[in-house]
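Take a look at the structure set out below.
Since the model is a prediction, treat every value here as computed from it, not as a measurement.
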Amino acid sequence: MRCFDSDYMEGAHPEIIRRLTETNMEQTCGYGLDDYCVEAKRKIKEACGCPDAEVYFLVGGTQTNSTVIAGALRPYQGVISAETGHINLHESGAVEASGHKVISIPAHNGKISAEELKKYMKSYYEDDNWEHMSVPGMVYISHPTEYGTLYTKDELKAIRSVCDEYSIPLFLDGARLGYGLMARGTDVDLRTIAETCHVFYIGGTKVGALFGEAVVVTDSRLFSHFFTVIKQRGGLLAKGRLLGLQFDTLFTDGLYFKIAGHAIDMAEKLKAVLKRKGYEFFLETDTNQQFVILDNDRMEELKKKVSFGFWENLDDNRTVVRFATSWATAEEAIDELAELI
């Protein structure tokens, strides 16, 4: 059976496995103070065009989101998110568990708009009871979004402008960032994100690493003692070199971008196959996630041949499912899928 459920089903890129094996018996400093972490941070800052940034390594996306948000906010503040945002729907209340409310605003295929963000901020401060409410202290977005959609450079700049107007930071969840950066037709690159976001992270777990996310802080005023915050929240890996070495590998000779680009090539081929076979799309994306509408009977039959992800019930008879490619998807897998469906 071919699996298109998600983009983190395989282990890690072979080059990462090779380097982990070769360096296995080395003795290094712990907690990210080793030479591999230092070199990975240098390469990431160079790729971002942001030499004064701070870079921190954490293990997974939920841990990273909740740690960044808890570290940046005061106890009485909440974080604004699209109603479909990952922190709002799919992280088991991790942000709320840290004492911070997720404040949801409308989403449009996964994205928020600067206009609606400003409308919310304006209405909040015009409410005579605003001091009795959770104070919006950060804006959270993801790129790609939960629906595989992408922000444009102008949209990011507009959202950042509203954040600046109200003196709150913009945080970008980049769990699938590589796939967004390599999507065809996008005008957003890594330097654009570094210029528009106060903090963001570069996802490794879904883009070739065994595990790991690299948090990039472009505004040094955002955190006080963030290293200690990571430690307090259980996010500081003692064998930190395992993270540093992986990101050092991914950011050597453009490997991160090459393998993410491969996933996009496979997604485009997958999209063409689905269209040729007459499948109806819920929405089309330029990233590695493709959303298809299936009759429930057809879905159950297809499950016997190929696996994919449930997304949402469209109505009593139809379901939206997700097909995802990854850095490891083989072209043969798409060819076989074409025969199976």
Side-chain angles (χ1 to χ4, degrees), residues 1-17 61 84 86 90 109-110 142-150 175-186 203-211 250 255-315 317-341:
M1 178 177 287
R2 289 293 186 177
C3 300
F4 294 89
D5 306 61
S6 192
D7 39 24
Y8 48 88
M9 302 186 73
E10 296 86 4
H13 190 276
E15 182 63 12
I16 287 176
I17 298 298
T84 56
H86 201 66
H90 295 133
N109 289 336
S142 57
H143 184 84
T145 69
E146 289 297 280
Y147 285 84
T149 51
L150 298 170
R176 292 186 168 93
L177 185 57
Y179 304 132
L181 297 175
M182 299 309 295
R184 296 175 185 178
T186 182
T205 301
K206 294 179 172 68
V207 194
L210 276 173
F211 52 84
L250 289 171
L255 180 62
Y256 186 77
F257 305 99
K258 291 175 185 176
I259 63 177
H262 169 77
I264 298 303
D265 290 342
M266 294 301 98
E268 289 296 321
K269 182 169 184 177
L270 171 64
K271 188 191 302 185
V273 166
L274 292 169
K275 285 184 176 181
R276 189 170 68 247
K277 296 287 184 173
Y279 283 80
E280 181 184 358
F281 285 76
F282 179 65
L283 76 165
E284 289 192 40
T285 82
D286 294 318
T287 57
N288 70 314
Q289 303 178 79
Q290 301 298 321
F291 299 88
V292 176
I293 300 171
L294 296 178
D295 291 337
N296 290 344
D297 290 343
R298 176 65 176 135
M299 179 179 67
E300 293 303 320
E301 184 64 27
L302 196 58
K303 280 182 180 179
K304 300 174 184 177
K305 304 174 184 178
V306 61
S307 63
F308 42 83
F310 168 85
W311 199 248
E312 64 180 71
N313 291 315
L314 192 62
D315 54 39
N317 301 309
R318 297 179 300 165
T319 300
V320 179
V321 302
R322 181 185 70 177
F323 287 81
T325 60
S326 80
W327 60 273
T329 301
E331 194 161 0
E332 293 77 16
I334 308 295
D335 293 336
E336 186 175 333
L337 176 66
E339 296 300 320
L340 292 173
I341 62 174

Identify the two heavy atoms, one from [X] and one from [Y], that lie closest to each other, and give their separation to 0.1 Å.
| X | Y | value |
| --- | --- | --- |
| Pro14 | Trp327 | CD-CZ3, 4.4 Å |
| Val207 | Ala175 | CG2-O, 4.2 Å |
| Phe281 | Gln290 | CE2-OE1, 3.8 Å |
| Asp5 | Ser307 | OD1-OG, 2.5 Å |
| Ser6 | Arg322 | OG-NH2, 3.6 Å |
| Thr329 | Met266 | O-CG, 3.5 Å |

Asn288 side chain to Thr325 side chain, donor-acceptor N/O pair below 3.5 angstrom: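 Absent: no donor and acceptor within the cut-off.
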
Report the residues that fulfil ring-ring contact (aromatic ring centres under 6.0 Å, His included) with [X], sequence neighbours left out, ordered by chain and then residue number.
| X | answer |
| --- | --- |
| Phe323 | Phe308 |
| His262 | none |
| Phe257 | Phe251 |

Hey, does [Y] have a side-chain heavy atom less than 4.5 Å from the side chain of [X]?
| X | Y | value |
| --- | --- | --- |
| Met182 | Tyr256 | no |
| Phe282 | Arg318 | no |
| Met9 | Cys3 | yes |
| Thr287 | Arg176 | no |
| Leu270 | Leu337 | yes |
| Ile16 | Leu250 | yes |

Could I get the full list of side-chain hydrogen bond (donor to acceptor under 3.5 Å, both in side chains) partners for [X], not counting sequence neighbours?
| X | result |
| --- | --- |
| Asn317 | none |
| Glu300 | Lys303 |
| Lys275 | Glu284 |
| Thr149 | Thr145 |

Distance in Å, [X] [atom1] paired with [Y] [atom2], rounded so as to fall on 0.5 Å steps:
| X | Y | atom1 | atom2 | answer |
| --- | --- | --- | --- | --- |
| Met299 | Ile293 | CE | CD1 | 12.5 Å |
| His143 | Leu150 | NE2 | CG | 4.5 Å |
| Asp295 | Leu302 | CG | CG | 11.5 Å |
| Tyr179 | Thr186 | OH | OG1 | 16.0 Å |
| Thr319 | Arg298 | OG1 | CZ | 13.5 Å |

Any donor-acceptor N/O pair, Lys277 side chain to Ala338 backbone, under 3.5 Å: yes

Backbone of Asp7 reached by a side-chain donor or acceptor of Glu10 within 3.5 Å: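 No, the answer is negative, given that no donor and acceptor are paired below the 3.5 Å cut-off.
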
Results of salt bridge (charged side-chain N to carboxylate O under 4.0 Å, His left out) for [X] - residues two or more places apart only:
| X | result |
| --- | --- |
| Glu268 | Lys271 |
| Lys304 | Glu301 |
| Asp265 | Arg184 |
| Arg2 | Glu336 |

Parallel, tilted or perpendicular, as decided by the 30° and 60° cut-offs, for the rings of Tyr147 and Phe291: tilted

Steps toward side chain to side chain contact (heavy atoms under 4.5 Å, CB included) verdict (Leu294, Tyr279): CA-CA 8 Å; Leu294 296 178; Tyr279 283 80; 3.4 Å; yes

side-chain contact (heavy atoms from CB on, under 4.5 Å) partners of Ile17, counting only residues at least two apart: Ala12, Thr21, Leu210

Enclosure of Asp297 CG (heavy-atom neighbours >12, cutoff 6.0 Å):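 At most 12 heavy atoms, drawn from other residues, nucleotides or ligands, come within 6.0 Å of this atom.
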
